[in-house]
> 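Here it is: the structure, laid out below.
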2 protein chains.
Amino acid sequence: MTHGVPVLRIDLGSDRPAYEQIVGGLRALLVAGEFASGDRLPPVRQLAIDLGVHHNTVAESYRVLEQEGWLDLSRGRGAIVRRRPERKASPAAKQEFSRRLEELAAKAIADGLPRASVAEQLKALAGRLTET
Amino acid sequence: MTHGVPVLRIDLGSDRPAYEQIVGGLRALLVAGEFASGDRLPPVRQLAIDLGVHHNTVAESYRVLEQEGWLDLSRGRGAIVRRRPERKASPAAKQEFSRRLEELAAKAIADGLPRASVAEQLKALAGRLTET
DNA sequence: TCATAATGTATAGTGTCTATGTACAATAGA
DNA sequence: TCTATTGTACATAGACACTATACATTATGA
């Protein structure tokens, strides 16, 4: 009955689909190395309760991550984190990232964040990515 | 009959809604100061043809930008860029940006972009935002 | 072993969103 | 005024997001 700290939080009021927020949040944790290979993610029903959504919504998210190679899913056993082979970036992926990044920053500035503040966050993340 | 360079390009194959890509792309241009107050955006039908979508789809995008204060819309006259009062960033906006940024970077890395490359792009954008 | 709980999966239903087709209304320009 | 230009309104089709419910598989422990 481990009901420790929820792995994740989402914004139900957001116009962004819940399953997408879940995928994005978990992927970020996975990329950050927060889970070791063999670790088990919470059961869909448990995470669903924590987040306030239906368990099928969590299941859908898990399936996306399985598709991406992050998870092994099976009934009865759960969602197990997998060692995932590095993949080679497509040129499209790089361009997509570039575009989305620009749009995201523009949105933040449009929302009133000072450019300096946005730049600061960008540099901070860049630093976190290159350290070690 | 000015049919100069298209203002914008979108990816019709993307799972991202076309109108959202249009909004995001135009907003980025607006934030970058590519349009002066009083400039006219292309008529919905013209841009629709350039992008390969229905004119109502472009119209929906224009309406979003009008809602955000970027445009003045009216029949017969077109979509005119407006001077837009700066707004004060809500705490939620800052947190939202932070979260989205992390997820975006994680997605890029998951797609195979080297962390160094992602960091590079982040720093490059930060530089562009702070110059001048 | 066997019953039961735990866990992911399948399917159907409902409401919303996205994009389009078509017709309409307001403005500009000759 | 007449016509072209431009944004708008509304209906429709299809896809999508989320939920309810039942099912299949695996683990657990008596």
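Just so we're on the same page: letters track the sequence lines, and every chain starts at 1.
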> Measure from CG on N56(B) to P on dC10(D) and round the result to the nearest Å.
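From N56(B) CG to dC10(D) P: 12 Å.
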> Heavy atoms from C-beta onward define the side chain here; which of dA19(C), dG8(C), dT6(D) lies closest to that of T57(B)?
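The nucleotide sitting nearest to the side chain is dA19(C).
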> Just how far, in rounded Å, is P of dG8(C) from CZ of R45(A)?
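Distance check: R45(A) CZ to dG8(C) P gives 7 Å.
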> Which nucleotide sits closest to the side chain of R77(A): dT26(D), dT22(C), dG8(C)?
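Nucleotide nearest to R77(A)'s side chain: dT26(D).
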> Does R27(B) use its side chain to pair, donor to acceptor, with the backbone of W70(B) at less than 3.5 Å?
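A pair under 3.5 Å: no.
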> So that I can tick it off, tell me whether R16(B) and E103(A) are bridged by a salt bridge, with the cut-off set at under 4.0 angstrom between side-chain N and carboxylate O.
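Yes.
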> Hydrophobic clustering (ILVMFWY, side-chain heavy atoms < 4.5 Å, transitive) - are V7(B) and L73(B) grouped together?
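Same cluster: L73(B) reaches V7(B) through Ile, Leu, Val, Met, Phe, Trp or Tyr contacts under 4.5 Å.
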> What is the distance, rounded to the nearest whole Å, between atom CG of D72(A) and atom P of dT25(D)?
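From D72(A) CG to dT25(D) P: 18 Å.
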> Which of residues 61-70 of chain B have a heavy atom under 4.0 Å from DNA chain C?
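Output list: empty, so none.
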> Of all the nucleotides listed (dT19(D), dT8(D), dA22(D)), which has the minimum atom distance to the side chain of H55(B)?
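The answer is dT8(D), which lies nearest to the side chain.
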> When the distance from CZ of R40(A) to C1' of dT26(D) is rounded to whole Å, what number comes out?
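From R40(A) CZ to dT26(D) C1': 11 Å.
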> Tell me, which of residues 14-28 of chain B have any heavy atom that sits under 4.0 Å from an atom in DNA chain D?
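When residues 14-28 of chain B is checked for heavy atoms under 4.0 Å from DNA chain D, there are no hits whatsoever.
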> From CG of L41(A) over to P of dG8(C), roughly how many Å is that when rounded to an integer?
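Those two atoms, CG and P, are 9 Å apart.
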> Is there side-chain contact between L51(B) and L12(B), with at least one heavy-atom pair below 4.5 Å?
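In short, these two side chains do not touch, never coming nearer than 4.5 Å.
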> I need the minimum non-hydrogen distance between V118(A) and A108(A), along with the two atoms involved.
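Minimum heavy-atom contact is CG2-CB, 4.0 Å.
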> Under the side-chain hydrogen bond (donor to acceptor under 3.5 Å, both in side chains) rule, collect the residues that match up with R128(B), sequence neighbours excluded.
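side-chain hydrogen bond (donor to acceptor under 3.5 Å, both in side chains) list for R128(B), sorted by chain: E102(A).
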> If I take atom CD1 in residue I80(B) and atom P in nucleotide dT5(D), what distance separates them, rounded to the nearest angstrom?
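After rounding, the reported distance stands at 17 Å.
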> Give a yes or no on whether a salt bridge exists between E66(A) and R63(A), defined as a side-chain N under 4.0 angstrom from a carboxylate O.
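Looking at E66(A) and R63(A), the cut-off is not met.
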> Please report, rounded to the nearest Å, how far the C1' atom of dT6(D) is from the CZ atom of R75(B).
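Spelled out: CZ on R75(B) to C1' on dT6(D) is 10 Å.
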> So if I take every side-chain heavy atom of H54(B) and compare against dA22(D), dG21(C), dG7(D), which nucleotide ends up nearest?
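Looking only at heavy atoms from C-beta outward on H54(B), the closest nucleotide is dG21(C).
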> Would you mind reading off the distance between I49(B) atom CD1 and dT5(D) atom P, rounded to a whole angstrom?
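Atom CD1 in I49(B) sits about 12 Å away from atom P in dT5(D).
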> Hey, is the main chain of A116(A) close enough, under 3.5 Å, to the side chain of T130(B) for a donor-acceptor pair?
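Side chain of T130(B) to backbone of A116(A), a donor-acceptor pair under 3.5 Å: no, none is there.
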> Whether the D50(B) and Q46(B) side chains hold a donor-acceptor pair (N or O, under 3.5 Å, no angle test) is what I'd like checked.
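Q46(B) and D50(B) do have a side-chain donor-acceptor pair below 3.5 Å.
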